[in-house]
Amino acid sequence: MKVFIDGQYGTTGLKLESRLRGRKDIELLEVDFDVREKFTAKCPLLKEADVVFMCLPDDAARESVAATPADTLIIDASTAHRTAPGWAYGFPELSAQHRANIAASKRIAVPGCHAAGFISTVYPLVSSGILPASERLSCTSLTGYSGGGIALIDAHEKDRATGDKYHSPRPYALGLMHKHQPEMKAISGLEAPPIFYPVVGDMFQGMIVSVPLWPSQFTKKMTAQNIHEVLSVHYEESCFVQVKPFDLDTTTDNGFMDATDCNGTNRLEIFVFGHDEQIIVAARLDNLGKGASGAAIQCMNIACGLDEGIGLE
């Protein structure tokens, strides 16, 4: 199987390349670094490949999609097609239908990292009717700086040696128009996007996405433990999404959470905290794993009829 990573030298592309390099069932097609941005250089590879991963800005991804044959499997890690008609959303654990769509599709959009955390906790509650689609939600996400791409990575790495500008957690997207909000709304089934407050921490990768909930928002009486039970049932057969025990002593380190505990894996861990009056649902994942390259490879495996975990653990 011939695979081409369009955008191989970016953050997600490099992670994909490192995960795929050792697979004996894959032949990686590569474009020289010096001509990587020339469309004429990569166009023959788009036509030769059986599978194309797109790790590009949105407009460049659309251009590459238009040049790729209809029968080629495209897995797009950009924002361009996550809510587009005809594209499967690459989160197979959400439902049997999502998994079937991935298996049958030649066009798959990989979830955004923040969106994956939000949707993993909210979709089961909305789809089951427990949380009305009309509810207005908020969401906070603490993430590693690798999610900002090469420019932000370079800024953090240089500052570690020369200054202290980036040592403090830094909220961003304060205009409340983050590019993940459309898919957070659409895939979760909500009528409005959440108020979304992302924060970049001084860590390379890893993230925790949290959503506060009030019992009054539900269609029936629900406590934090009830919500934990609903999410546990929803993901009980998943190999990569795990609902952690409803027990602070076993799921935290003296009451603290480490955002990096899933780094280097394709795991997404869900936590429920709270009591009868207040609830927080949270997801922990690697923004470069289940939030990017890991999810992309999992989708390729499913679409090609392979074990979904090949090359991921």
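What you see is a predicted model, and the numbers here were worked out from it, not measured in a lab. Note: hydrogens, waters and symmetry copies are ignored here, and every other heavy atom, side chains too, is used.
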What are the two closest heavy atoms between Val110 and Ala77, and how far apart are they?
CB-CA, 4.0 Å
Nearest 0.5 angstrom please: Ile270 CD1 to Tyr235 OH, how far?
4.5 Å
Return the CZ to CD1 distance between Phe53 and Ile74, rounded to the nearest 0.5 Å.
11.5 Å
If you define the side chain from C-beta out and look only at heavy atoms, does anything of Leu20 sit under 4.5 Å from Ile5?
yes
Check: Thr251 side chain, Asp247 main-chain N or O, donor-acceptor pair, under 3.5 Å
yes
Which atom names give the shortest non-hydrogen contact between Pro69 and Leu46, and what distance separates them?
CD-O, 3.5 Å
Would you check, one step at a time, whether the test salt bridge (charged side-chain N to carboxylate O under 4.0 Å, His left out) holds for Asp261 with Arg284?
CA-CA 8 Å; Asp261 272 7; Arg284 178 166 63 192; 3.5 Å; yes
Working to the nearest 0.5 Å, report the span between OG of Ser128 and OH of Tyr123.
10.0 Å
So, does His234 use its side chain to make a donor-acceptor pair with the main chain of Leu94 at under 3.5 Å?
yes
Quick one: do Arg21 and Glu30 make a salt bridge, cutoff under 4.0 Å?
yes
Is the shortest heavy-atom distance from the side chain of Gln298 to the side chain of Leu312 under 4.5 Å?
yes
Can you see whether Phe91 has Lys290 sitting over its ring - NZ or CZ less than 6.0 Å from the centre and within 45° of the normal?
yes
Pair Glu236, Gln242: side-chain N/O donor-acceptor within cut-off below 3.5 Å
no
Should the pair His178 and His114 be assigned to parallel (<30°), tilted (30 to 60°) or perpendicular (>60°) ring geometry?
perpendicular
Any side-chain heavy atom of Val281 within less than 4.5 Å of one from Leu231?
yes
To the nearest 0.5 Å, atom OG1 of Thr121 lies from atom CD1 of Ile227 at 10.5 Å
Taking Ser78's backbone N and O only, do any of them form a donor-acceptor pair with Arg82's side chain (distance below 3.5 Å, no angle check)?
yes
Determine whether a donor-acceptor pair (N or O, by modelled atom type, separation under 3.5 Å) exists between the side chain of Gln217 and the backbone of Trp214.
yes
Are the side chain of Asn287 and the backbone of Cys113 linked by a donor-acceptor contact shorter than 3.5 Å?
no
Any donor and acceptor pair, going by atom type alone, linking the side chain of Thr72 with main-chain N or O of Thr68 inside 3.5 Å?
no
Any luck finding a side-chain donor-acceptor pair between Tyr9 and Glu17 under 3.5 Å?
no
Which heavy-atom pair separates Gly289 from Arg19 by the least distance, and what is that distance?
CA-NH2, 4.1 Å
Determine, using the 4.5 Å side-chain heavy-atom cutoff (strictly less than), whether Val243 and Phe271 are members of one ILVMFWY cluster.
no
Gln181 side chain to Pro194 main-chain N or O, any donor-acceptor pair under 3.5 Å?
yes
Using side-chain heavy atoms (C-beta onward) and a distance below 4.5 Å, is Thr11 in contact with Leu288?
yes
Test your reading of the model: is there a side-chain donor-acceptor pair from Asp286 to the backbone of Gly264, 3.5 Å cut-off?
yes
So if you build clusters from Ile, Leu, Val, Met, Phe, Trp, Tyr with side-chain heavy-atom gaps below 4.5 Å, do Met207 and Val199 land together?
no
Please determine if Asp6 and Lys42 form a salt bridge, counting it only when a charged side-chain N lies under 4.0 Å from a carboxylate O.
yes
Phe204 versus Asn263: any side-chain heavy-atom pair under 4.5 Å?
no
Indicate yes or no for a side-chain donor-acceptor contact from Thr265 to the backbone of Cys262 under 3.5 Å, with no hydrogens or angles considered.
yes
So, are Arg99 and Glu308 salt-bridged, with charged N and O less than 4.0 Å apart?
yes
Correct closest heavy-atom pair for Ser138 and Val211 would be O-CG1, 3.4 Å
Do Val209 and Val200 sit in one hydrophobic cluster, given that two such residues count as connected whenever their side-chain heavy atoms are within less than 4.5 Å of each other, even indirectly?
no
Checking Ile130 against Val230 for the side-chain contact (heavy atoms from CB on, under 4.5 Å) test, could you report, in this order, the C-alpha distance in whole Å, the side-chain angles of both residues, the deciding distance, and whether it holds?
CA-CA 9 Å; Ile130 292 171; Val230 170; 3.5 Å; yes
So OG of Ser120 and CG of Leu285: to nearest 0.5 Å the spacing works out to 7.5 Å
Side chains of Leu176 and Phe196, heavy atoms from C-beta outward: is any pair under 4.5 Å?
no
Determine yes or no for a side-chain-to-main-chain donor-acceptor pair under 3.5 angstrom, with Arg107 supplying the side chain and Ile75 the backbone.
no
Is there a side-chain contact (heavy atoms from CB on, under 4.5 Å) between Cys299 and Ile302 once you walk through the steps?
CA-CA 5 Å; Cys299 287; Ile302 292 171; 5.8 Å; no
Considering residues at least two apart in sequence or located in another chain, which fulfil the side chain to side chain donor-acceptor pair (under 3.5 Å) criterion with Asp25?
Arg23
Hydrophobic cluster membership, with links at side-chain heavy-atom distances under 4.5 Å among I/L/V/M/F/W/Y: are Phe246 and Val241 in one?
yes
Interatomic distance, Arg136 atom CZ to Leu190 atom CG [nearest 0.5 angstrom]
9.0 Å
With side chains defined as the heavy atoms from C-beta onward, is the minimum distance between Thr260 and Gln205 less than 4.5 Å?
no
Side-chain heavy atoms under 4.5 angstrom apart, residues restricted to Ile, Leu, Val, Met, Phe, Trp, Tyr: same cluster for Ile187 and Leu131?
yes
Show the nearest heavy-atom pair for residues Met203 and Ala259, with the distance to one decimal.
CE-CB, 3.8 Å
Do Arg62 and His81 come within less than 4.5 Å of each other through their side chains, counting heavy atoms only?
yes
